[in-house]
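Remember, it's a predicted structure, so these values are computed and weren't measured experimentally. The figures that follow rest on heavy atoms only: side chains count, while hydrogens, waters and symmetry mates do not. Whatever order the structure lists them in is the order used to number ligands and atoms, beginning at 1.
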Amino acid sequence: MSSNLAKHFLLREDVTFLNHGSFGACPRPVFETYQRFQRELESEPVDFLGRRLTELMKPPREALGMFLGTTADNVVGVVNATSGLNIVAQSLPLQEGDEILTTDHEYSALEKTWAYVTRRTGAKVVVVTVPMPFVSEVAFTDAIVAGMTDRTKVLFLSHITSPTALVFPIERPIAEARKRRIWTVIDGAHTPGHIPLDLPGLDVDFYSGNCHKWMMTPKGSAFLYARPELQVMLNPLVISHGWTADNKEPGVQGPFGNSPFIDEIEMQGTRDPSAMLAIPSAIAFRDEHDWASVQRACTALAQETARRLGELTGLPPLSAPEFSAPQMVAMPIPECDPQEIHKQLWERFKIEIPVFKWQDHYIARLSVQGYNSKPQTDYLLEALAELLNLGAEPARKRQHG
Ligand SMILES: Cc1ncc(COP(=O)(O)O)c(C=O)c1O
């Protein structure tokens with residue numbers, strides 16, 4: 001795999017950046033579109049935000065709706081997936097005795113969100129231990145279904161998990177939840193632009209995802225989707241100009257000419273919408289560069305790197321390959337001081353990659369995006385071999401394009 005796409009990104013050349021998963025990275029032309037919107041805003045803020053915003057938001061909302069298999073009315077812009085999921089968690093009418101069913105692979109900010117909700121409502125979080133290694137959809141579904149009781153009101157799952165980089169097969173758990181009238185809330189922080197999405201096809205109630213990770217938009221662009229008949233249940237985290245006290249049914253217009261769902265959540269005080277406005281440019285960038293082929297090459301490189309590290313460590317993978325996120329792999333490493341390895345990778349080798357302990361596993365989480373190349377993953381393997389005493393050649397200090 002060559003790295004001839006690297007020139008389109010703003011990443012530092014002295015860093016081997018193998019951590020797209022944490023905060024994404026934005027291609028130059030998309031970032032320029034974003035800055036053009038910011039300059040236009042500053043040239044006449046009242047015209048931009050006061051008169052034109054509803055019209056300006058139509059193309060990104062429509063493009064995003066189409067990208068997610070739904071329509072513009074069902075997606076509302078939020079600054080990040082954490083905010084989108086907080087809107088849902090803090091709106092659902094939970095009470096003492098209710099249960100929120102989730103797994104032991106969730107992202108810490110969302111674990112905290114539900115912990116906060118339980119304090120306010122008296123509801124309880126029930127954590128399912130997902131059978132590992134992750135090799136069977138049936139075993140996963142059975143474990144989730146076994147956790148459902150008459151008290152379960154919410155099923156909260158990541159679609160792609162953060163610590164283990166797994167694609168959870170969420171379709172059957174969602175169907176089982178629906179049969180039992182359990183609300184489904186999905187954390188899709190890593191999915192848009194990473195795996196194909198058809199939100200109505202998933203039959204999910206609430207789904208929040210980031211555009212600023214794998215769709216490669218600037219930071220601060222994300223969405224919340226809600227099944228149309230449930231949109232009326234959601235309240236914004238900040239009450240502001242877009243709020244309507246009553247009459248929020250679909251088809252009714254909010255004060256800014258969108259549905260109340262969109263106006264209430266998007267129109268909160270003064271905000272810079274430029275990151276959302278850059279969404280069509282990010283989709284165009286993908287189309288111009290045949291992103292499906294780029295992704296296939298990234299997946300092959302990610303899997304090959306994980307396999308080669310496995311040969312050096314002798315450790316088995318966390319999952320069967322079909323459950324690993326295509327461009328992100330949680331690679332097991334031998335027992336170590338993960339903070340020290342992370343620090344050494346950065347300070348000695350200028351390699352950016354998360355290294356951490358999750359449950360009993362020590363993990364280096366590799367992300368491969370279009371700007372990465374095989375010499376970079378070779379360099380990572382050499383550095384890990386040296387730091388973890390895996391018996392390979394010492395890593396040479398070098399730069400990669
Ligand atoms: C699974 C998961 N959920 C939520 C988030 C939070 O994303 P954000 O910080 O953009 O809200 C992350 C961030 O990496 C994540 O991995």
Set of residues satisfying side-chain hydrogen bond (donor to acceptor under 3.5 Å, both in side chains) with respect to T152, sequence neighbours excluded: T149
For the residue pair F31 and Y34, is the inter-centroid distance of their aromatic rings smaller than 6.0 Å? yes
What side-chain hydrogen bond (donor to acceptor under 3.5 Å, both in side chains) pairs are there with at least one residue in residues 165-177, not counting sequence neighbours? E176-K179, E176-R180
Pairs under 3.5 angstrom, nitrogen or oxygen on both sides, ligand 1 versus protein: list them out, please.
{"residue": "ligand 1", "atom": "3 (N)", "partner": "D187", "partner atom": "OD1", "Å": "3.1"}
{"residue": "ligand 1", "atom": "3 (N)", "partner": "D187", "partner atom": "OD2", "Å": "2.6"}
{"residue": "ligand 1", "atom": "7 (O)", "partner": "N210", "partner atom": "ND2", "Å": "3.3"}
{"residue": "ligand 1", "atom": "10 (O)", "partner": "N210", "partner atom": "OD1", "Å": "3.3"}
{"residue": "ligand 1", "atom": "10 (O)", "partner": "N210", "partner atom": "ND2", "Å": "2.9"}
{"residue": "ligand 1", "atom": "10 (O)", "partner": "H212", "partner atom": "NE2", "Å": "3.0"}
{"residue": "ligand 1", "atom": "11 (O)", "partner": "A81", "partner atom": "N", "Å": "3.3"}
{"residue": "ligand 1", "atom": "11 (O)", "partner": "T82", "partner atom": "N", "Å": "2.9"}
{"residue": "ligand 1", "atom": "11 (O)", "partner": "T82", "partner atom": "OG1", "Å": "2.5"}
{"residue": "ligand 1", "atom": "14 (O)", "partner": "K213", "partner atom": "NZ", "Å": "2.7"}
{"residue": "ligand 1", "atom": "16 (O)", "partner": "H190", "partner atom": "NE2", "Å": "2.8"}

Using the ring of W114 (Phe, Tyr or Trp, six-membered ring only), decide whether K112 places NZ or CZ under 6.0 Å from its centre and within 45 degrees of its axis. no
Identify whether the distance between the nearest side-chain nitrogen and carboxylate oxygen of D203 and R227 falls below 4.0 Å. yes
List in chain and number order the residues that pass side-chain hydrogen bond (donor to acceptor under 3.5 Å, both in side chains) with D337, two or more places apart in sequence or in another chain; answer none if no residue qualifies. none
